[in-house]
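As the structure is a prediction and not an experimental result, all values here were calculated from the model.
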Amino acid sequence: MSVTIKDIAKKTGFSVATVSRVLSNKTGFFSQTTAQAIHQAAADLGYKKNMAATELVMQTSNVIAVIINSTKTNFSDQIIMGIQKKAGETGKRVIILYAGDHDQTAQQIALTTALERPLLGILLVSVDLYPDNLQLLKSAKVPFFFISISFEDTKLNYIASDDYQIGYQATKFLIKHGHRKIGLAGLDISPSAHTGNLRFHGYRKALAESGINFQTNWLQTGDYSYEAGVAAMNAYQKGKVSAIVAASDLVGIGILNQAAKIGLHIPADLSVVSIDGTNLCQLVRPALTSITQDFYQMGYLGTTYLISGSNKNAYTEIQICQRASVKKKSCCNFFKFISCLL
């Protein structure tokens, strides 16, 4: 059985009240010699303070529960780094729970596991809760923030990127490089997929502003995975598009690898911009141009807001990181011939 305060009191000869005060770092009513003796006895006996029991009594907690969706993308490690950094700076502790990949039961288990103990709050990383699970979270009256996902309901606190701007800026970048046949690959645009639909609408807006008529076969939906990129590239084949916006870095890598298999050269035959901008972009060849999201800042800022009790939403910055997977599209041969004569 675990060592208790009573065991330490018995070993040292001090009262349970005195031992409790010393181990709770309270001052007064005991000497430094007494404190040293109690701490030494605690160490000798292997005493571990029961923080959960203490928090139940005090009705306070320094614990932040982080619930992570088992996404097929790879950005969550940067978010966790941001969360851990802020938690460490403020003396908070972090526990991590997994909620499956849009799995209602797994979400419920993660939530109930977190809510079984006192919490400072909950951070949900890219977790789109089912309605029943969202109601469970709201009814718990525990502070929470969603990270890397936004909602139409602005009362749901979130820190994310502006996904409309992500779709818009990625497409405008390719248009500025001379592309007119631009695919959008690997994203979910089902009615409940808020993120994917925002990116799709941004993409369509950029096309419309440049007088480009959207073709339905330019859109290849998916689940943001490597396999979705491979499937999209198989659907495009040669000539259907001259450039692609990939819904994630993994989708972009799937496109790169499958393009090579079917004899396309990037960026000579096909330009690719990926969304996310994780370190994967620089590990492949050619390196992927990306719309880069600040995931570290999402985690850091979300933890800051949670600790401070803020209930405002925020977008973190995005930027275009140009690498080797995008090439300016050449004009037609006729114009190239004319330019050579001038």
Give a yes or no answer on whether the side chain of T18 reaches the backbone of F14 with a donor-acceptor pair at less than 3.5 Å. no

So S126 and I147, do their side chains get closer than 4.5 Å, heavy atoms only? no

Y98 side chain to I67 backbone, donor-acceptor under 3.5 Å: no

Run through I64, V125, I68, L123 and flag the one making a side chain to side chain contact (heavy atoms under 4.5 Å, CB included) with I96. I68

Looking at S210 and L207, would you say the former's side chain and the latter's main chain have a donor-acceptor pair under 3.5 Å? no

Is atom OH of Y130 surrounded by more than 12 heavy atoms (other residues, nucleotides or ligands) closer than 6.0 Å? yes

For the pair Q237 (side chain) and N234 (backbone), establish whether a donor and an acceptor sit closer than 3.5 Å, ignoring hydrogens and angles. yes

Does any part of the side chain of L187, heavy atoms only, come nearer than 4.5 Å to the side chain of I275, both counted from C-beta? no

Of the options R180, H179, K327, which is the one that meets S242 in a side chain to side chain donor-acceptor pair (under 3.5 Å)? H179

Ring centroid separation F75 to Y224 under 6.0 Å: no

Step through it carefully: locate the ring centre of F145, locate the ring centre of Y158, and say whether they are under 6.0 Å apart. no

Below 30° counts as parallel, above 60° as perpendicular, anything between as tilted: where do the rings of Y168 and Y164 land? parallel

Considering only heavy atoms from C-beta outward, does the side chain of E317 approach that of S161 to under 4.5 Å? no

Determine whether a donor-acceptor pair (N or O, by modelled atom type, separation under 3.5 Å) exists between the side chain of D223 and the backbone of D188. no

Quick one: does any side-chain atom of Y203 pair with a main-chain N or O of I182 as donor and acceptor, under 3.5 Å? yes

Just one of D7, I5, T34 clears the side chain to side chain contact (heavy atoms under 4.5 Å, CB included) bar with V19, so which one? I5

Group every Ile, Leu, Val, Met, Phe, Trp and Tyr by side-chain heavy-atom contacts under 4.5 Å, then state whether I8 and V16 land in the same group. yes

If we ignore hydrogens and angles and just use 3.5 Å, is the side chain of K141 paired with the main-chain N or O of S139 as donor and acceptor? no

Give a yes or no on whether the backbone of H102 and the side-chain of D128 come within a donor-acceptor separation of less than 3.5 Å. no

Hey, any chance L156 and L198 share a hydrophobic cluster, counting ILVMFWY side chains that come within less than 4.5 Å of each other, even indirectly? no

Checking D294 side chain against Q297 main chain: does a donor-acceptor pair fall under 3.5 Å? yes

Taking L288's backbone N and O only, do any of them form a donor-acceptor pair with R323's side chain (distance below 3.5 Å, no angle check)? yes

Decide whether I318 and F173 are clustered together by the hydrophobic rule: side chain heavy atoms of Ile, Leu, Val, Met, Phe, Trp, Tyr closer than 4.5 Å, transitively. yes

